[in-house]
2 protein chains.
Amino acid sequence: MKTQRPCSIAATLGVIGEKYSVLVLREIFFGVRRFDAIARNVGAPRDVLAARLRRLVEAGVLERVPYNERPQRFEYRPTQAGQDLRPVLLTLMAWGDRYLTQVPPVTFAHDCGARVEPVVVCGACRREVLPGSLTPHFTDPEWAA
Amino acid sequence: MKTQRPCSIAATLGVIGEKYSVLVLREIFFGVRRFDAIARNVGAPRDVLAARLRRLVEAGVLERVPYNERPQRFEYRPTQAGQDLRPVLLTLMAWGDRYLTQVPPVTFAHDCGARVEPVVVCGACRREVLPGSLTPHFTDPEWAA
DNA sequence: GCGAGTAGGTCCAGTTTTCAAACTCGCTGG
DNA sequence: CCAGCGAGTTTGAAAACTGGACCTACTCGC
């Protein structure tokens, strides 16, 4: 690949950026853990799904654990790193709900009773991160914007 | 494409899920607005970049506005819908910073003075959305997990 | 006026991915 | 014995991506 700006967004996309990877994670978060069920729900070709699962396991996002000996059968579970991708899926879902659908196909109820509308806040001050409120700082000045 | 679960995540990926689309948005958020500069920074082939920009404009995420007549020159600006994708990029970046890099290549200072560590909270109760705290509800029972 | 440079693309041929369907392997249940 | 399931692998054709060359329309320095 050509040279590109060093960036954690690009790095993350190197793990979950290929087609279907995020949808696989969605199924995992819904509790779907078996190859055939994931294939059905995401609509991916089986060879592509096999490749994505391998990649996600290799990257430490999923774990491949046997649930049956003879014949050997495996299921896929999220690791802690996998769990920590949940915010990414929630923000993707929130945007789609707002701009692409009339009726959200899936909603989440939060513990507090409300339907979850995820909001991204600054971990320090707990206020919402608004467009103008951020100043980037580049570690490598060669790539400063 | 095969049938797949109806889902706002998939819908959103239909807009920004192709290779380079998210990196284009990253550049836009850094304030980079011109074709050549975006091409350099994301490392995409120029024809692919042209296709991505067309798609993002068509989807209402970016606007193509002239900044020069004779010769006609255009720049790309985020719409409100585009701005609202910022949380997606922030959560992607946060995950990469945590799991894939030692030194974050880019950090953001928030208005409050702190380095931003984005946290996703429930819009209603303002508490962090934790793994076990969500219950999915499916509009179409055929696709319930 | 002439060549070089800039900006925003398009076009091309070669490589890589993706696709849908068919097939394999090891079992289980009737 | 035969059918079926689960988890993949194989196959051959279609689609997407790749890096680079090229095109158009200017502007600048000489």
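Being a predicted model, the structure only gives us computed values, none of them experimental. Scope of the values below: all heavy atoms of this structure, side chains included, with no hydrogens, waters or symmetry mates. Residue numbering restarts at 1 for every chain, and letters A, B, ... go by the order of the sequence lines.
Following rounding to the nearest Å, B:Leu53 (CG) and C:dG8 (C1') show an atom-to-atom distance of 10 Å. Atoms CD1 (B:Ile38) and C1' (C:dA7) sit 13 Å apart, rounded to a whole Å. Taking atom CD of B:Glu75 as the reference point, atom C1' of C:dG9 lies 16 Å away to the nearest angstrom. Look at CG on B:Asp36: it is 15 Å from P on C:dG5, rounded to the nearest Å.
Residues forming a ring-ring contact (aromatic ring centres under 6.0 Å, His included) with B:Tyr67 (at least two apart in sequence, or on another chain): none. A:Asp36 is linked by a side-chain hydrogen bond (donor to acceptor under 3.5 Å, both in side chains) to A:Arg46, counting only residues two or more places apart in sequence or in another chain. For B:Pro141, there are no side-chain contact (heavy atoms from CB on, under 4.5 Å) partners two or more places apart in sequence or in a different chain. With sequence neighbours excluded, the residues forming a side-chain contact (heavy atoms from CB on, under 4.5 Å) with A:Ala51 are A:Arg54, listed by chain and number. Listed by chain and number, the residues in a side-chain contact (heavy atoms from CB on, under 4.5 Å) with B:Gln80 are A:Tyr99, B:Gln83, B:Asp84 (sequence neighbours excluded). Every residue meeting the salt bridge (charged side-chain N to carboxylate O under 4.0 Å, His left out) condition with B:Arg77, not counting sequence neighbours, appears here in chain and number order: B:Glu75.
Residues A:Asn41 and A:Leu23 have side chains not in contact (no heavy-atom distance under 4.5 Å, counting atoms from C-beta outward).
Comparing the axis of the opening five pairs of the helix from C:dG1-D:dC30 to C:dG30-D:dC1 with that of the closing five pairs yields an angle of 0°, rounded to 10°.
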Donor-acceptor pairs under 3.5 Å, side chain of residues 105-124 of chain B to any protein atom, not counting sequence neighbours: which ones?
none

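Residue B:Arg54 places no side-chain N or O under 4.0 Å from the OP1 or OP2 atom of C:dG8.
Each ring-ring contact (aromatic ring centres under 6.0 Å, His included) pair with one or both residues in residues 9-54 of chain A, not counting sequence neighbours, appears once here: A:Phe30-B:Phe138.
B:Val65 forms part of no hydrophobic cluster, judged by ILVMFWY side-chain heavy-atom separations under 4.5 Å.
Using a 4.0 Å cutoff to heavy atoms of chain B, the contacted part of DNA chain D runs 5' to 3' from D:dC17 to D:dC26.
The nucleotide whose nearest atom lies closest to any side-chain atom of A:Arg73 is, among C:dG9, C:dG8, C:dG26, C:dG26.
Ranked by how close their nearest DNA chain D nucleotide is to the 5' end, B:Pro71 and A:Ala37 are led by A:Ala37. Nearest-nucleotide positions on DNA chain C for B:Tyr76 and A:Arg70 put B:Tyr76 closer to the 5' end.
Between the side chains of B:Arg33 and B:Tyr76, no donor N or O sits under 3.5 Å from an acceptor N or O.
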Are there any protein N/O atoms within less than 3.5 Å of an N/O atom in nucleotides 18-20 of chain C, and if so, which ones and at what distance?
unit_1	atom_1	unit_2	atom_2	d
C:dT18	OP1	A:Arg52	NH2	2.7
C:dT18	OP2	A:Arg52	NH2	3.1
C:dC19	OP1	A:Lys19	NZ	2.8
C:dC19	OP1	A:Tyr20	OH	3.1
C:dC19	N4	A:Asp47	OD2	3.1
C:dA20	N6	A:Asp47	OD2	3.4

